There are 2 protein chains.
Amino acid sequence: MSLRHALLGLLSERPASGYDLLKLFETSLATAWPATQSQIYTELTKLAGTGLINVAAEGPRGRKEYALTDEGLAELRHWLTETKPQRNTRSDILLRVFFLGVLTAEQARGYLTELIELSDQGYQGLRRLEESVDWDDDSLSVYGRIALEYGLRFNAMRREWAEWAAGQIT
Amino acid sequence: MSLRHALLGLLSERPASGYDLLKLFETSLATAWPATQSQIYTELTKLAGTGLINVAAEGPRGRKEYALTDEGLAELRHWLTETKPQRNTRSDILLRVFFLGVLTAEQARGYLTELIELSDQGYQGLRRLEESVDWDDDSLSVYGRIALEYGLRFNAMRREWAEWAAGQIT
DNA sequence: GAACACATGTAACCTGTTACATGATTTG
DNA sequence: CAAATCATGTAACAGGTTACATGTGTTC
């Protein structure tokens, strides 16, 4: 149940509304853990029900600003230190590779060429993000940059692999 | 709906029972697309219902051997060539990185050290798999090796990144 | 005052996980 | 004959996606 912890994590930085959190997901967490609007609002209601967060303020247009409670912070720390990260990663990009044999060599190379482009776009998108964000000294900035570096390295690795793979197809 | 296509892909190589497919998932597709026994049997029944596969033979112990139909092969090719791979990858490993700021520097480095070990184990597991499989000339072997190379490079990349990241924490 | 951004909530559906339930054949 | 392996099926639940539904405040 990582969505729950993603929300607690974002709220550990500062209070925010469901709408704020939706925007934060789109900009910062999108590559690690995408979430939809409907999911976020539903989960916030549940989290408030169990006391891990509470409604700290209400604003115009029905805005509810949620804040992390002590219990919520404890739960976040527990998740980070006591539970093993091991969720199976699913990649339909990689899955397709196994079955490229049902296509012609040309089509298979075409798929890998697409992956090269995809990786380039991913890389460049992250570079643009890096430039557009004003990185201050809060911990989300520090660790956000580390996560971004992961994305850059990942896309570079995938590009090189896809180039190598295209060369393997005779 | 990638599970459906994973099954079609495996059956494109040769007919197989649900049990066979379960084993194939465990050995070859596990890193790209894990699937449970219950999921596989349910999906096979659905696929047979829509005519993408059929029961080609029945064996002892209620064994049903499924084979890909022409329609199934067409659907597999369609998936590979006409649909964009873009499923959001979720990584709770990366998600946690964003929130390491709520821990002490020591705890955060501890997490990254775990990731180094995890990556090493992943790398070594794939090396062992590479040695244990007898790679013949069928297309699953050719593309299976390419997918395996991806896993090796991925784990190497992640290890190097985690080492770099641990050094970033002051 | 029209368009856009802010703001929330819910219902239906699909996918995936865990657990239960059962039985047949082979191997030591 | 006991244990391991082969073999299938289903039910309950959790998590995620898409679509619908509604309304307020700001900006041009």
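Residue numbers start from 1 in every chain, and the chains themselves are labelled A, B, ... in the order their sequence lines are given, proteins ahead of strands. Values below: every heavy atom of this structure, side chains too, minus hydrogens, waters and symmetry copies. The shown structure was predicted, so the numbers you read here are calculated from the model rather than taken from an experiment.
Looking at A:E75 and A:T69, their side chains never come closer than 4.5 Å, going by heavy atoms from C-beta outward.
A cation-pi contact, defined as under 6.0 Å to the ring centre and within 45° of the axis, links B:R153 to A:W164.
Taking 4.0 Å as the cutoff to heavy atoms of chain A, we find the contact window on DNA chain D bounded by D:dG15 to D:dG25.
Between the axis at the start and the axis at the end of the helix from C:dG1-D:dC28 to C:dG28-D:dC1 there is an angle of 30°, using five pairs per end and rounding to 10 degrees.
Sequence order on DNA chain C of the closest nucleotides to B:T36 and A:Q37 puts A:Q37 first from the 5' end.
With B:W135 contributing its side chain and B:E130 its backbone, the two residues share a donor-acceptor pair below 3.5 Å.
OP1 or OP2 of C:dT17 sits under 4.0 Å from a side-chain N or O of A:R90.
Between the side chain of A:S17 and the base of C:dT8 there is no donor-acceptor pair of N/O atoms closer than 3.5 Å.
Spacing between atom CG of A:L95 and atom P of C:dG16 amounts to 11 Å, rounded to whole angstrom units. Distance, A:D92 CG to C:dC14 P: 19 Å, rounded to whole Å.
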Please list, pair by pair, any protein nitrogen or oxygen found under 3.5 Å from a nitrogen or oxygen in nucleotides 22-28 of chain C.
| unit_1 | atom_1 | unit_2 | atom_2 | d |
| --- | --- | --- | --- | --- |
| C:dT25 | O2 | B:R61 | NH1 | 3.4 |

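Note that the OG atom of A:S2 and the CG atom of B:L95 stand 6.0 Å from one another [nearest 0.5 Å].
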